[in-house]
**Student:** 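One structure, as structure tokens, below. Some questions next.
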Amino acid sequence: MPADHADEPLRAGVEHLQAAAREMIAASRSLLDAAEELVEDPKAVQSMVASLGALATAAAAKLRSDAAACGGSGEPGDDDRESGVERIHLS
């Protein structure tokens with residue numbers, strides 16, 4: 001087996017890692033740009049926090065609704081032993 005042929009998978013792996021690293025760098029730059037915009041516009045932060053709060057409230061309501069439909073109360077501490085699920089509380 002020639003040395004060049006044996007190095008081919010290694011070379012391909014390195015190229016994939018380099019491409020992934022470039023994507024991570026680009027994503028980090030975008031995240032930093034967004035963070036900079038948020039720092040410069042406090043109203044955008046308030047709007048984002050309000051949106052995340054509304055999303056969390058809607059998700060919690062959906063989870064409670066789904067739990068109630070399955071016979072649970074949706075509250076922590078429910079024991080669903082009939083369904084084979086046992087919650088173990090850690091302190």
Side-chain angles (χ1 to χ4, degrees):
M1 200 181 263
D4 288 341
H5 184 67
D7 290 341
E8 209 168 296
L10 178 61
R11 188 174 307 125
V14 168
E15 288 173 3
H16 286 292
L17 287 173
Q18 287 173 326
R22 286 185 189 101
E23 287 296 319
M24 289 295 297
I25 291 167
S28 297
R29 283 185 181 135
S30 294
L31 184 60
L32 288 172
D33 288 344
E36 185 177 18
E37 287 179 25
L38 289 176
V39 166
E40 293 186 17
D41 186 6
K43 289 184 182 186
V45 174
Q46 291 172 345
S47 176
M48 183 181 68
V49 169
S51 295
L52 289 174
L55 180 62
T57 300
K62 175 72 172 138
L63 288 173
R64 282 192 295 274
S65 172
D66 288 351
C70 291
S73 70
E75 296 299 320
D78 255 359
D79 247 352
D80 295 330
R81 292 181 192 209
E82 295 85 30
S83 66
V85 175
E86 178 182 354
R87 289 186 173 78
I88 300 173
H89 300 281
L90 303 175
S91 43

**Student:** Donor-acceptor check, side chain of S28 to backbone of M24, threshold 3.5 angstrom: yes or no?
**Tutor:** yes
**Student:** Testing R11, H16, Q18 one by one against V14 for a side-chain contact (heavy atoms from CB on, under 4.5 Å), which residue passes?
**Tutor:** Q18
**Student:** Starting from L38, walk the hydrophobic network (Ile, Leu, Val, Met, Phe, Trp, Tyr; side-chain heavy atoms closer than 4.5 Å) and list everyone else you reach, by chain and number.
**Tutor:** V45, M48, V49, L52
**Student:** Can you list everything that forms a side-chain hydrogen bond (donor to acceptor under 3.5 Å, both in side chains) with D66? Sequence neighbours excluded, please.
**Tutor:** K62
**Student:** Within the distance-only criterion (no hydrogens, no angle test), does the side chain of S47 pair as donor or acceptor with the backbone N or O of K43 below 3.5 angstrom?
**Tutor:** no
